[in-house]
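Note sheet for the following structure.
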Amino acid sequence: MKRRPPSPLRWFFAAVWLVNGVACKVFDLVPRHQEIVARILGEEHSLLLTRLIGFSEVIMAAWIISGIRARWSAVAQMAAVAAMNVLEFFIAPDLLLFGGWNALVALAYIALVGFDEFKRSHPS
């Protein structure tokens, strides 16, 4: 199993997932996240589902820092961010932090993850 030490950018990516997972979702410090989950998946279990999503984001942060299968981790991050943002854009656009600009922020994050893992870490 290939393992590389985390780059400074990877520490940043892990921090993004950790803060969003723990603070925003597990501790429910940003109720907008639960509102988005409720809108997409339904009200009935939205708190539980939001917390489960938060725990999965903590696992993502740990995976990023571990350096294990870093390329798979990068692909998983890019896919998750893209999927979340597409769903939110069409189902809960009024709840997005940056409104219509959220898509650009997500694209920038995806590009940075891709650059860090596929270009910077492994120059051709």
Legend entry - Between CD1 on residue I53 and CG on residue L48, distance to nearest 0.5 Å: 9.5 Å
Inset, instruction - Report the distance from atom CD1 of I68 to atom CH2 of W63, rounding to the nearest 0.5 Å. - result: 10.0 Å
Inset, instruction - Would you check if the side chain of D116 reaches a backbone N or O of L112 as a donor-acceptor pair within less than 3.5 Å? - result: no
Legend entry - For the student: nearest non-hydrogen atoms of F118 and A74, plus distance: CE1-CB, 4.1 Å
Legend entry - Residues clustering with L18 (ILVMFWY side chains joined when closer than 4.5 Å, directly or via others): V22, V26, F27, L29, F55, V58
Legend entry - Candidates V16, N85, L104 - the one meeting side chain to side chain contact (heavy atoms under 4.5 Å, CB included) with Y109: V16
Legend entry - W72-V81 co-clustered via ILVMFWY side chain contacts under 4.5 Å: yes
Legend entry - Approximate separation, where rounding is to 0.5 Å, of S66 OG and I59 CD1: 12.0 Å
Inset, instruction - For residues I64 and F12, determine if any side-chain heavy atom of one lies less than 4.5 Å from a side-chain heavy atom of the other. - result: no
Inset, instruction - Please report the shortest heavy-atom distance between R51 and K25, naming the atom on each side. - result: CG-O, 3.6 Å
Tell me which donor-acceptor pairs under 3.5 Å the side chains of residues 88-95 have, and how far apart each pair is, sequence neighbours excluded?
from : atom 1 : to  : atom 2 : distance (Å)
D94  : OD1    : R39 : NH1    : 2.7
D94  : OD2    : R39 : NH2    : 3.2

Legend entry - Interatomic distance, M84 atom CE to I36 atom CD1 [nearest 0.5 angstrom]: 10.0 Å
Inset, instruction - Treating Ile, Leu, Val, Met, Phe, Trp and Tyr as nodes and any side-chain heavy-atom pair under 4.5 angstrom as an edge, say whether W101 and L97 lie in one connected cluster. - result: yes
Legend entry - Which atom of G67 lies closest to which atom of R10, heavy atoms considered: CA-NH1, 3.3 Å
Legend entry - Flag side-chain contact, heavy atom, 4.5 Å: F13 against E117: no
Legend entry - Rounded distance [0.5 Å steps], CZ in R32 versus OG1 in T50: 11.5 Å
Inset, instruction - Heavy atoms only: give me the nearest I40-L87 pair and the separation to one decimal. - result: CD1-CB, 4.1 Å
Inset, instruction - Determine, using the 4.5 Å side-chain heavy-atom cutoff (strictly less than), whether L96 and V30 are members of one ILVMFWY cluster. - result: no
Legend entry - Minimum heavy-atom distance W17-Q77, with the two atoms named: NE1-OE1, 3.0 Å
Inset, instruction - Would you give the length of the straight line joining atom CD of E35 to atom OG of S46, rounded to the nearest 0.5 angstrom? - result: 9.0 Å
